[in-house]
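Order of listing sets the numbers, starting from 1, for every ligand and every atom in it.
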Amino acid sequence: MSGLQPVRGTRDILPQEARRMRHIEDTARVVAARFGYEEIATPIFEFSDVFRRTLGDTSDIVTKEMYTFTDKGGDEVTLRPEGTAGVARMLISSGLTQELPLKYFYRGPMFRYERPQKGRYRQFHQIGVEALGFEGPDIDAEHILMCARLWDDLGLEDVRLELNSLGSAEERARHRAELVAYLQAHEARLDEDGKRRLLTNPLRILDTKNPELQDLADAAPRLIDFLGDESLRHFEAVQVLLKDAGVPYRINHRLVRGLDYYNRTVFEWVTTRLGAQGTVCAGGRYDGLVEQLGGKPAPAAGFAMGVERLLALWRESGGGVERAQPDVYVVHQGEQAQRLAFRAAEALRGYGFAVLTHCGGGSFKAQMKKADASGAPLAVVIGEDEAATGEVGLKPLRGPGGQQRVALEGLADAVAQCLFTEEEDDDGGV
Ligand code: HAM
């Protein structure tokens, strides 16, 4: 343990950031709902096997990034590094394979023991969707359109779509043989990562960021040249729907994804505005995953976006959310006045007003300063005099009008009238 720092790769979310995050999540939730996706939540940890059996024995996540521990009952569990495997597990364990097709939306923290840097954390947040029981290219296109709509609703700019098809397992196997032969012929040029991957997951070498290997990866045998008619037709159909919808894309033959469960369509939304961690969203088809976990075969597709990365991009484009202001700030002095203040505040909250009751004492002057700073348009003022009569003072903090005395029973009406009149004035109305 090192002092009072948060664990490396984790971050506290302070109010301003929490508001922004909430805005992004809420906007995504609304978009997902408009497309018919229902919100679900799976546990933050699962039996480790759920991830081991699906993400790939040789994937970075399984080999080095999982937060795995044995719990007190002796079970080996893992903090979820991503959401898809857990949703597939849920489908099977909740008997939902009878109810396919299903469309789900989820959000929440994920955990990967990665080397932290800007935009890459050990605890981060994803928003994702999974559509299970859908075979056709339409759902792949729908997912991309959902993302495009979200970028639009958030006012995000400079997010580009990259697309590829990974074909079927057999098609990939044929490509792999040629790719390995090609890479072996150039083995001396490969870096350490490349040499290791040559034996374990050669496709990932295409994904290399090493500038010295770009020409080698560019000239490597392309997976698309190994796709059969069905896979090609599927890929073509996705592209037709994207073109119809006016969503521009670039086919990136080297887009392979770091998780093993994908087949056919895969995509990433990338930006150049965030430096090295420019992928804000990624997804694709995973037709074999549910079966691989022991369920009845269920074709499926989905995507997930990194909330921290979206947030950084949104901030770049000037996005922000103001702190919500209360309608009323209640100041009070004296014991009886405090009791009346609490009653008045609760009465107003009962009508749906946002009310801050001053806590922590202090002079009227100091309390009024706080009231002013809160941004509330109205103060309720209660001193000994008011407390004795059961009435309260109602004082506009912005705009014209003096303090008026109001009986507790009439307070909500008086507040409504002040706020309502103020809004009309703002609108230049009557
Ligand atoms: P992924 O590409 O591993 O895919 O992650 C999706 C997104 O999560 C990334 O594009 C990135 O924005 C964000 N992300 C990943 N790792 C980190 C990190 N360490 N720090 C910050 N952000 C990160 C998946 O997770 C798949 N489950 C997506 C999917 C859903 N495919 C089908 N359905």
Item to check | Non-hydrogen side-chain atoms of Ser165 and Thr265 separated by less than 4.5 Å | outcome: no
Next on the checklist: Counting non-hydrogen protein atoms only, what is the nearest one to atom 33 (N) of ligand 1? Give residue, atom name and distance.
Outcome noted: Glu130 OE1, 2.8 Å
Checklist outcome for this item: Counting heavy atoms under 4.0 Å, the part of Glu308 that contacts ligand 1 is neither
Next on the checklist: Tell me the contacting part of Arg120 for ligand 1: side chain, backbone, both, or neither, using a 4.0 Å heavy-atom threshold, strictly below.
Outcome noted: both
Next on the checklist: For the CZ atom on Arg53, are there more than 12 heavy atoms of other groups (residues, nucleotides or ligands in this structure) within a distance under 6.0 Å?
Outcome noted: yes
Checklist entry - To the nearest 0.1 Å, how far is atom 21 (C) of ligand 1 from its closest protein heavy atom, and which atom is that? => result Gly119 O, 3.3 Å
Item to check | Cation-pi, Phe235 ring and Arg264 (6.0 angstrom, 45 degrees) | outcome: no
Checklist entry - Do Thr78 and Glu46 have side-chain heavy atoms sitting under 4.5 Å apart? => result no
Item to check | Nearest-neighbour protein heavy atom for atom 1 (P) of ligand 1, which is reported as residue plus atom name and distance | outcome: Arg257 NH2, 3.4 Å
Checklist entry - With a 4.0 Å heavy-atom cut-off (strictly under), which part of Cys281 contacts ligand 1: side chain, backbone, both or neither? => result backbone
Checklist entry - Using 30° and 60° as the class limits, which term best fits the ring planes of His23 and Trp314: parallel, tilted or perpendicular? => result parallel
Checklist entry - For the rings on Tyr286 and Tyr261, is their centre-to-centre separation under 6.0 Å? => result yes
Checklist entry - Taking Phe267 as the fixed residue, which of Leu161, Asn164, Asn252 is the one that meets the side-chain contact (heavy atoms from CB on, under 4.5 Å) rule? => result Leu161
Checklist outcome for this item: ligand 1 atoms nearer than 4.0 angstrom to some heavy atom of Ala304 are 6 (C), 7 (C), 28 (C), 29 (C), 30 (C)
Checklist entry - Between Asp26 and Arg19, does at least one N-O distance fall below 4.0 Å, as a salt bridge requires? => result no
Item to check | Distance from atom 12 (O) of ligand 1 to nearest protein heavy atom, with residue and atom | outcome: Thr279 O, 2.9 Å
Item to check | Quiz item: cation-pi between Arg122 and Tyr113, 6.0 Å / 45° | outcome: yes
Checklist outcome for this item: Quick look: Gln126 vs ligand 1, heavy-atom contacts under 4.0 Å, and the answer is side chain
Checklist entry - Against heavy atoms of Gly283, which atoms of ligand 1 measure under 4.0 Å? => result 31 (N)
Checklist entry - So is there a nitrogen or oxygen of Tyr286 less than 3.5 Å from a nitrogen or oxygen in ligand 1? => result no
Next on the checklist: Does atom CD (Gln16) have a neighbourhood of more than 12 heavy atoms from anything else shown, all under 6.0 Å?
Outcome noted: no
Next on the checklist: To check your reading of the model: name the closest protein heavy atom to atom 14 (N) of ligand 1, its residue, and the distance in Å.
Outcome noted: Phe124 CE1, 3.5 Å
Item to check | Nearest neighbour in protein (non-hydrogen) for atom 27 (N) of ligand 1 | outcome: Glu82 OE1, 2.6 Å
Checklist entry - Mind checking whether Gly306 has an N or O less than 3.5 Å away from an N or O of ligand 1? => result yes
Checklist entry - Tell me, which protein residue and heavy-atom name are nearest atom 20 (N) of ligand 1, and how many Å apart are they? => result Tyr121 N, 3.0 Å
Checklist entry - Of the listed options (Val307, Leu259, Val280), which comes nearest to atom 24 (C) of ligand 1 when hydrogens are ignored and any heavy atom counts? => result Leu259
Checklist outcome for this item: Judged by heavy atoms only, the candidate from Phe111, Phe303, Tyr262, Tyr106 nearest atom 31 (N) of ligand 1 is Tyr262
Item to check | Salt bridge present between Glu162 and Arg160 (N-O < 4.0 angstrom) | outcome: yes
Checklist entry - Going by distance only, is there an N or O of Glu114 that falls short of 3.5 Å from an N or O of ligand 1? => result yes
Checklist outcome for this item: When distances are taken from atom 26 (C) of ligand 1, the protein heavy atom at minimum range is Tyr261 OH, 3.3 Å
Checklist entry - Take atom OH in Tyr351; do more than 12 heavy atoms of anything else shown fall under 6.0 Å from it? => result no
